[in-house]
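In what follows, a structure is listed as structure tokens, so that the remarks can point back to it.
Keep in mind that the numbers below use all heavy atoms, side chains included, and drop hydrogens, waters and symmetry copies.
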Amino acid sequence: MLLGALTALGPLSIDMYLPGFPSIATALGADAADVELTLATFLGGMALGQLLYGPLSDRFGRKPPLYFGLVLYVVASLACAQAATVEALAAWRFLQALGSSAGLVISRAVIRDRTTTLEGARMFSLLMLVMGLAPILAPSLGSAALALTGWRSIFVFLAAVGAAALAAVHFTMGETVSRHDAAPLRLSAAVGRYARLLRNGHFVRFSLIGALAGAGMFAYIAGSPYVLIELYGVPSEHYGWIFGLNAFGLIAAAQLNQRLLGRRTPEQLLSGALVVPPVAAAIALVPTLLGIQSLPVLMLGLFAFVGSLGFITPNASALALSGEGRAAGSASALMGTLQSLCGTLAGVAVSLLHRPNALPLTCAMAVCGAGAFLLHRATRGRAPAFTA
């Protein structure tokens, strides 16, 4: 439960403020594209932060970097609540992301510390049960806060969540690595460890497959407030229900994945699931290209794409981290950074290609889904398929 909550800090920080995009733009005198870029800066902060926390957690243990990250998260969240310009909000969002990325890196590393590949795939599926509650509850909570006290209260709430997580880590979390066996922390050693991981074809293959598929969801996160609220006229207070429905599909798929792991390997389940994102994206893209504006068709494509990640993310993560026991922190960090970078590029593309239609969103999702599928098929047989 604690690892799930720590992992959910990032999604919670993203999803809860999505319904407030129009209000933030009005309050800060910015346009929709500028507010969407605050999401891109958050993703950039997550990418950089994970690279920093990986070597630190391998050297000093899992808990000390968590302390630092959660304190930074709380301070930055309170500063976001006081931002007077969209530029200031983007800067504090970057620091907020640096803090939240500690939870992402260290939760994955703790799972790798304690499990084999097959057990890890099951644990990542369970992690998504807790983590998946964030996108279900967050937009509705954000909409409620927006209606009652305005968008700034969203960031005050996030600061309170970060403080609660900090207390839980201190009082309930045990350390999972020995500091006495770790080598001294040196920049050259950290760079060398990352270079070795980048030469590991098995690690890079599954990390990029997960990153490309996940980037389609980041495109959905960045573009869906404008598309659903502004173009399709969905009220801000109802946006959370639509977002939550897709998140429910993600959770249900992850739990089905956990059950199927008793009869299939992570590689087999991943291979089958990767067919879904390009097909789902095509369902949403083709009507847009034809100038047809159909909310049910768009929702069908979005639901199928997001739901498929319940199979893709746990299995790709477990396969990427298999064999990286002593460097689990660095491997988790690099995997997360690749995911954040791909997500950042997808989010920036949706923002910069802003159009009065759903084309930027659906095109980005199609490119990401097709990329993950093609990479898996092109590299099949070039790396070990399953390592206990």
Side-chain angles (χ1 to χ4, degrees), residues 7 47 50-51 53-55 57-58 104-125 127-128 176-177 189-216 254 257-258 260-261 263-277 308-343 368-388:
T7 306
Q50 290 179 85
L51 284 178
Y53 290 116
S57 70
D58 286 336
L104 283 172
V105 171
I106 292 167
S107 294
R108 289 191 299 254
V110 168
I111 288 177
R112 182 59 190 89
D113 290 338
R114 295 184 171 182
T115 64
T116 64
T117 303
L118 183 59
E119 292 168 345
R122 290 196 177 104
M123 284 300 299
F124 282 120
S125 296
L127 199 69
M128 293 189 75
T176 59
V177 294
V191 172
R193 195 175 297 119
Y194 284 134
R196 180 189 65 78
L197 287 167
L198 289 172
R199 292 193 299 269
N200 182 337
H202 178 86
F203 171 81
V204 172
R205 179 194 183 209
F206 288 110
S207 293
L208 283 178
I209 287 170
L212 285 170
N257 177 72
Q258 183 199 8
L260 291 176
L261 281 166
R263 299 189 292 272
R264 298 285 188 275
T265 67
E267 167 69 16
Q268 290 172 329
L269 292 173
L270 177 66
S271 180
L274 284 169
V275 177
V276 178
S308 70
L309 297 178
F311 286 95
I312 295 169
T313 302
N315 295 311
S317 297
L319 288 163
L321 293 177
S322 63
E324 299 297 340
R326 292 197 64 186
S330 297
S332 170
L334 186 56
M335 181 179 70
T337 296
L338 291 172
Q339 293 172 350
S340 295
L341 285 174
C342 289
C368 293
F373 174 80
L374 293 174
L375 175 61
H376 181 263
R377 292 302 187 269
T379 58
R380 188 161 47 184
R382 297 186 186 181
F386 179 71
T387 307

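- Asn315 CG to Phe206 CZ: the interatomic distance, rounded to the nearest 0.5 Å, is 9.5 Å.
- No donor-acceptor pair closer than 3.5 Å links the side chain of Thr313 to the backbone N or O of Gly310.
- Listed here is the closest heavy atom pair of Ala215 and Cys368: CB-SG, 3.6 Å.
- Taking CG of Leu319 as the start and CZ of Phe203 as the end, the distance is 12.0 Å to the nearest 0.5 Å.
- Shown are Leu375, Ile312, Leu274; of these, the side chain to side chain contact (heavy atoms under 4.5 Å, CB included) with Leu212 is made only by Leu375.
- Applying the side chain to side chain donor-acceptor pair (under 3.5 Å) criterion to Ser340, with sequence neighbours excluded, gives Gln50.
- More than 12 heavy atoms of other residues, nucleotides or ligands lie within 6.0 Å of CZ in Arg377, so this atom counts as buried by the packing criterion.
- Inter-residue side-chain proximity for Gln258 and Pro314 is flagged as unmet; no heavy-atom pair is nearer than 4.5 Å.
- Put simply, CD1 on Ile209 and CD on Gln339 are 12.0 Å apart, with the number rounded to the nearest 0.5 Å.
- Judged by distance alone, the side chain of His376 and the main-chain N or O of Val275 form no donor-acceptor pair under 3.5 Å.
- Using modelled atom types, no side-chain atom of Ser271 and backbone atom of Glu267 make a donor-acceptor pair closer than 3.5 Å.
- Between the CG atom of Leu270 and the CZ atom of Arg264 there is a distance of 14.5 Å, given to the nearest 0.5 Å.
- The line from OH of Tyr53 to OG1 of Thr337 is 12.0 Å long, rounded to the nearest 0.5 Å.
- Across all their heavy atoms, Tyr194 and Pro55 have their closest contact at OH-CD, 2.9 Å.
- Shown here for Thr265 and Gln268, the closest heavy-atom pair between the two residues is N-OE1, 3.0 Å.
- Between the CG atom in Leu260 and the CZ atom in Phe311 there is a gap of 5.5 Å [rounded to 0.5 Å].
- Between Gly54 and Ser57, the closest heavy-atom pair is O-OG, 2.9 Å.
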